[in-house]
Structure formats: structure tokens, C-alpha cells
There are 2 protein chains.
Amino acid sequence: MTSEESFTEPEVNPSHPPATPRTSHPVTMREVAEGAGVSVATVSLVVNNKKDARIGAGTRKRVLDTIRELGYRPNALAKNLVSGSSRFIGLVADAIATTPFAGQIIHGAQDEAWKHGFVLLVANTEGNEPAEKDAISMMLEHKVRGILYSTWFHRPAEIPTALHETDFVLVNCFSPDSDALAVVPDEVHGGREATDILVRKGHRRIAFINATIPAPAKDGRLQGYREALESAGIAFDPNLVFDAFPDQEGGYGAVEELLKRDVTAVFCYNDRMAMGLYDGLKQRGLSIPEDMAVVGFDNQEVIAAHMRPPLSTVALPHYELGAAGVRLLLGVDEPAGGNVVKIECPPVERDSVGTNILTGPQLRWSSTT
Amino acid sequence: MTSEESFTEPEVNPSHPPATPRTSHPVTMREVAEGAGVSVATVSLVVNNKKDARIGAGTRKRVLDTIRELGYRPNALAKNLVSGSSRFIGLVADAIATTPFAGQIIHGAQDEAWKHGFVLLVANTEGNEPAEKDAISMMLEHKVRGILYSTWFHRPAEIPTALHETDFVLVNCFSPDSDALAVVPDEVHGGREATDILVRKGHRRIAFINATIPAPAKDGRLQGYREALESAGIAFDPNLVFDAFPDQEGGYGAVEELLKRDVTAVFCYNDRMAMGLYDGLKQRGLSIPEDMAVVGFDNQEVIAAHMRPPLSTVALPHYELGAAGVRLLLGVDEPAGGNVVKIECPPVERDSVGTNILTGPQLRWSSTT
DNA sequence: TCAATCTGCTAAAACGCTTGATCAAAAATG
DNA sequence: CATTTTTGATCAAGCGTTTTAGCAGATTGA
């Protein structure tokens, strides 16, 4: 919808192919009306099953039959035009595909939108400014009900000005200096959950390998880690926390540092890091979880569920982020307290954390923990 | 768009929220016309920069200024209505998120659609029949230019009847008993490429661990493997081909069988299998690629690029699939020969295949191969 | 100088649908 | 039986555009 359609760049005209429809003319309401021997108004009333419309049983049937016979389909475009607003929700993403994550956001948004009778209009911008502007323009021109502006990783974001022309909510990002509605994962809670998995199994000396790069996740997860330790009455030892690049290589490289620290368990900033860590650990003949219990973060399905042993981790709630975004946009959910709603990161326990190291394989964690 | 909107189920009426637009009235063309002291027709001509319209420079400027001033945006709904067809392309997917793959299809389709001035309308059906029907209905009602029907793994598919009401192309799937347009990965070519990576490095005894489950990929990759061997003058040894479940566990479990076969290299049905295989190999103290060269298939980014060593593999061209689907739909590409167009699977060489085992590290493969 | 042509712009019909106002006939009421 | 109410359905205006036909005035040609 860049050029021909828009008055912003009248000079460009890359002659898009005409949006030629199929050959045969689509059946209209008028044709149905004629076929059934009634007025279009009547057809409309029947089609929409208007509650307070008075249509005789016979007429109704005749109309319905004709509809079936002719294969009539309402024209949503016309419908939208008269109603003044469409049933579209726009989703603009900075990376639709770079990561499986974005997919889940789309998925959640799509499902939820659908549930409320809305349809998703997607656009990805690859983080590129003009593309973003075009995408938003196009959505505004289609009179979307609102726009979900999403990023593929949790971060602060600048709000494109055009967004203000409609309702919008930020998904997986937030605006530090505005009170825009936003949905983000609850990193602190996630960090707590991850650490708790370990704590519940009796671990006391738990390392946390944080990311080297600044992000809300970095601060949040660390805080969660600290909170979990505190609730468990374990003193925070800054020496057990260090940074590594948040990918496989980083995890692999962190093993040496980790082993210096004499811990029984480690909480990795993310699953990829854990994956690399596995390699390093195994290479040294150490086994998981016996020699080292490991938990990750993100629950990247392809990885986490299929490592050896399968990785305990905490899930980034991307699906929920998308869904909650839509609910917020439509006003189905009220943003309880503040304009940023945080979605919990549920723990996903697999086998990289063994049985309770204190009580052994028999007992599950006691109720006193 | 299930109920209220559709005459199919007049009884249901779950009172969707009204599609209430923002508060302030959007600026229309009429208002611009009044503001600029011209007719709507003139505004229209200016906005669309109609080539053969005769508009005075002064008037044009006045209109443009008013547009800017008022913040006018064309209403795509109205535009579409009069033109009789929208600039939407529908994408219905059976799994938008279960896999990172689907994301790439969307991405490719989106980019390509955009390039031609079209917008993507997405719906995921989770393979569920009624959802699929609803999705297609909704798209037809929005008078989409056409529909891309995509599956998350390459397979035969049944064409929902409603699809025939518009132009459509199958993406990543095909219809065995119809001449519907389809775009699929070229599995045979992929199998050949994968095997060639190994052959080029001098490997002669190359195992192929195929999938246990039937699929076009299973047959195609095997054929590609055989073709590659043949071109290299290597006799096909059925004993070097066996099956395993196509995931990490399957790969891990296949190691024993593999080692019985006295091969120097193995081509795994997919990356996940290769990932498990790595584990099994390492556990036995074998190293990659020295003791065993490995190539995978799929190029699952999260996995392949970050294993130790990084995995050589062949990429499933999901992005291209989506893009080619759109081109086919719009008639930009002609389906050369047959109704199923096959997209190549490009090899991605990383480190799981070493240097030439015959000539050593110095020489690259000679031109005589 | 008068017709022919061109220039700049507008009127108005359409696109397919919704909906409030109407209206005739049938049914209920007194 | 006359009047009111209800029932069943239609009229027509309008949603925001595009586009064809056309009109007045200016310019040109002969």
C-alpha cells in the first residue's frame, strides 16, 4: 500500500498488478432479493438475523433457500463501510520470523481476535522505520479497530507517532516515557520461578549466569533470583552471579567459571545458554542433573524439550502476550493497576533438575519449604 | 467472523463487542474538498495522482495542503468497495506457531504481498475443520484477491471446497488428485545437496538415516541421496540406509546402528535427529567431524547454527515458499512445467563436515569430481 | 471572427450493504 | 363495526470512495 494508494509519494508508481477478482461475478444481496422476490432490506434482515426484525417464517425460508442456491456471501467490505469501522486488528511486528517467538505472539493474537469476531492483519517491519510507517498507514487506512505493536524480545520501544491515530497496545515491549498500554512478560516472577525449581529440590548454592547485554530480562530475572533465595532463607552471594553472552557459545564458555564456584545448580539466563552449558559440562565428564542441576529460561520448544536430559525451564508466555494484547485492546480486560500488565512465566519442569538432593528420590518437597 | 456476521448460524449470537472506532470522527474526502473549496472528485483525482486528470497546479497544492492540515487518510474500505475487490491476500495455515517454520512462510508471503501492494490476512486453523471453514469464509467475505493454503510440513493435503470460490495456491503441500497450483520444497534436490556436501569432501561410505514416518520428504530425500551417490560413481548400498524417528531421541538411538556400519559420514533426515546423534557420538568419545561427518536437513536456525560443531545442513526454503506462493497467486510467476513448482533447498555448510578426507586440509575438491 | 480544441473542474451514478422511517394489511380491542 | 395495535415487509438515505460524462471558459486554428 506504499505508492499508488497513497498520496504521500505521488511520484512513484510501480504499477502494481490490478487486483483483478475472479472471472464470475460474485452474487450480491440484490440478486438474492430478486431471486427470492423480496427487497434487499429484507434479505439484509434475514442474513443478519436481526433480533427485532419481523420477518414471516415463509419469507425467511425463501430467502435462506435462495441464498444457499445462489451461493451468496456477504461482502464484508460493504458491511464495514457502512458500519464505519472494520473488524480488523492490526499486528505490526519487528520480526515476524527471526524467532519462533514472534510466531507465538501472532498465534495468540489471532486466536483471541478471532474469538471476538476480529481478523488479524499482519505486517512485519524488520525493524525498519519506513516499512513500519507504511504498515501503520495501511492499517489506519483499513480502519482497523486497533493495533498491536510487538517486538520479538522484551525491550523498551519508541512509539511511532502514527500509532496515536488509533487505539493500540504494546506487546512484549513498553514505553518508558508514556502511559501507553503494554503487555510484557513478568521477568521477576520468571526469575523467581526458575530459581524456585532449584530451591525446592534442596539446592542452596545456586549460580545464576546472567546475560552480558542489558535488557529488562537481565534485571528482572536477577531480581527474581534474589527474591527466591531470600524467601528460602538463602543469603545472596554476589560471587555466584556472573555474565555470559546469551547463546550456546556463551553457555559453553561459562562452564569454567561456573565450576570454580562450587555450586550444585545453575540458573541460565536462557535455554540456548543452557544448551551450550550442557556441552561443556558433558565434555568434562559431568552429568546433569547429578553433578549439576540446570534450569534455563524461555522454553524454546525445539531445544528445551529435546536436550539430554530434557531441560527444566521457565516459559516466556508469548501466546498469552498476544492474546492479552488483544483483550486489552478490545477493552475485554481492564489493565489492573498501572498501564503495563505483566504476564506470568510458568515453570516447565523436565529432567535437568533431579530429585531432592537432601531427601533423596523418595520424598517430594515437603510442605514446609 | 463466525456468527453474528454470517448467515450460516443465525441462532448463535455471542454479542461480540461493537467494533467501536476511536472517538473523534475520521477526516473524509468530503471534508478535505470543503476545506480546499473544491469537489470531492477533484480531491480524489489529486489523492490518486491520476495520470490523465487535468488539475491546475494551484488547485493541486491547495488540496494537498488541506490534506496535510486535516490529517486526511483515504478509507481503504470505501476504495475497495467501489473497486469491487480488495488488496488482501489470505493465508490460512494449519499451524501458525507449532514450529518456527510456519513463521517463515508468513514472513515470505507478507514481504512478497507487500511488494505488490497487497496485505496479508492470516488465520490459523490448528488443523481443525470448522475453524478452517470459518477462516476461508471470512476471507471470501473480505473479497481477498486469493488464498494461500499452507501446512507446516510438506505433505499431501485435501483442498477445502470453499477454496474453489477464489484463486488459491497450496504452499508446502499439494493435492495428489487435482491440478491445483502448489509450491513445495524440492526434496530430491535437497537430498542430493546434502549428500553432495559429504561426497565433495571425499566421503564414500555415507549412511542415510531416514525417517520412520511416511512423507514426501522421506521418499524425496532418499532419492536425492541415491542420485548424488550415482553421480559420484558410488554404488548404492541399501545396508547404509535405515530409519529412525525424526527427532533428537531418534537420532540418539540411531547411533548404535550407525556405528555398526563402518561409515565415515552420515546424512540425517533432519537437524533434530542430528542433534541427538551428536549426543550419542560424543558420549562414545567420538568427535565430529573427525570420526564422523554429519549433515542434517531443515536448517533449523536455533539448533543447527549453534550446535558444537555447527551443523552443516540443507535449508528448507520456507520463506521462498511463502513468497513464491504469492507470486504464483498473483500471476507474477508462471508455473513452469506442471502445476507444482518446486523450490530448491540450498545447502548451508558449517563445521560438522571437515576438510576433504582424501586430500587433507589444503586442497578443495577438484574439478573432476 | 467563429468554430474547434483544450483546460480545469464538477455532477452524479455507482459499489453492496444497513437501518430508521413508513406503510398496507391483518389482528386485536372496545 | 370502528379503532387501535401488531405484523410483515419496503423505501430511501447514506457509508466514503471512483469514475464517466459534461460544462464553462480560455486558447488555438483558419
Side-chain angles (χ1 to χ4, degrees), chain A residues 1 4-7 18-19 21 25-63 66-67 70 72-87 140-143, chain B residues 1 4-7 18-21 25-63 67 70 72-87 140-143:
Chain A
M1 209 95 327
E4 197 184 29
E5 317 289 306
S6 163
F7 52 85
H25 186 73
V27 182
T28 81
M29 200 171 247
R30 242 174 53 96
E31 301 178 69
V32 173
E34 281 163 11
V38 298
S39 70
V40 279
T42 304
V43 178
S44 174
L45 296 177
V46 171
V47 164
N48 295 293
N49 201 37
K50 281 290 168 195
K51 206 61 194 203
D52 50 354
R54 296 162 308 200
I55 305 286
T59 311
R60 160 168 276 119
K61 179 171 180 338
R62 203 142 29 86
V63 171
T66 315
I67 282 176
L70 268 47
Y72 166 77
R73 287 202 188 272
N75 181 331
L77 278 60
K79 207 178 216 165
N80 287 337
L81 175 56
V82 49
S83 83
S85 86
S86 74
R87 295 205 82 90
L140 292 174
E141 291 178 12
H142 281 91
K143 303 292 175 229
Chain B
M1 208 98 322
E4 197 184 29
E5 317 289 307
S6 162
F7 52 85
T20 337
H25 186 73
V27 182
T28 80
M29 201 171 244
R30 243 174 52 98
E31 301 178 70
V32 174
E34 280 163 10
V38 297
S39 71
V40 279
T42 304
V43 178
S44 175
L45 295 177
V46 171
V47 165
N48 295 293
N49 200 37
K50 281 288 169 197
K51 206 62 194 205
D52 50 353
R54 298 161 308 200
I55 306 284
T59 311
R60 159 168 278 118
K61 179 169 181 340
R62 205 144 26 88
V63 171
I67 283 177
L70 267 46
Y72 166 77
R73 286 203 188 271
N75 181 331
L77 277 57
K79 207 178 217 169
N80 287 338
L81 176 58
V82 48
S83 83
S85 85
S86 73
R87 285 207 160 269
L140 291 174
E141 291 177 13
H142 280 91
K143 304 291 175 227

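Both backbone and side-chain heavy atoms feed into the values below; hydrogens, waters and symmetry mates do not. Sequence lines set the chain letters: A, B, ... in the order given, protein chains first and strands last, and positions in each chain run from 1.
What separates NZ of B:K143 from C1' of C:dC17 is a distance of 12 Å, to the nearest Å. Here the P atom of nucleotide D:dC15 and the CG atom of B:L77 are 15 Å apart, to the nearest Å. Counting to the nearest Å, the P atom of D:dT18 and the CD atom of A:E141 are 11 Å from each other. Per the geometry, CZ belonging to B:R30 stands 14 Å off P belonging to C:dT10, to the nearest Å. Between the CG atom of A:N75 and the P atom of D:dG16 there is a distance of 17 Å, given to the nearest Å. Following rounding to the nearest Å, A:D52 (CG) and C:dA21 (C1') show an atom-to-atom distance of 14 Å. Going from atom NZ of B:K79 over to atom C1' of C:dG16 covers 19 Å, rounded to whole Å. Straight-line distance from the CD atom of B:E34 to the P atom of D:dT17: 13 Å, rounded to whole Å.
B:E34 meets the salt bridge (Lys or Arg N to Asp or Glu O under 4.0 Å) test with B:R30; sequence neighbours excluded. Partners of B:K50 by side-chain hydrogen bond (donor to acceptor under 3.5 Å, both in side chains), not counting sequence neighbours: none found. Evaluation of the side-chain contact (heavy atoms from CB on, under 4.5 Å) rule for B:L77 yields A:N80, A:S86, A:H142, A:K143, B:N75 as partners, not counting sequence neighbours.
Distance from the side chain of B:S39 is smallest for C:dT10 among the nucleotides C:dT18, D:dT17, C:dT10.
Atom CG of A:L45 is separated from atom CD1 of A:I55 by 5.0 Å, given to the nearest 0.5 angstrom.
Within the 4.0 angstrom heavy-atom criterion, base atoms lie near B:L81. At a threshold of 4.0 angstrom between heavy atoms, the contacts of A:V43 with the nucleic acid are absent.
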Contact list (N/O, under 3.5 angstrom) for nucleotides 19-24 of chain D vs protein:
| unit_1 | atom_1 | unit_2 | atom_2 | d |
| --- | --- | --- | --- | --- |
| D:dT19 | OP2 | B:K50 | NZ | 3.4 |

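In terms of modelled atom types and a separation under 3.5 Å, the side chain of A:R62 and the main chain of A:A36 share a donor-acceptor contact.
Tested against A:M29 for a side-chain contact (heavy atoms from CB on, under 4.5 Å), the candidates A:I67, A:V43, A:T42 yield a single pass: A:V43.
For the residue pair A:V27 and A:Y72, the shortest heavy atom distance occurs at O-CD1, 3.3 Å.
At the phosphate of D:dT17, neither OP1 nor OP2 sits under 4.0 Å from any side-chain N or O atom of B:N80.
Ranked by how close their nearest DNA chain C nucleotide is to the 5' end, B:R60 and A:V27 are led by B:R60.
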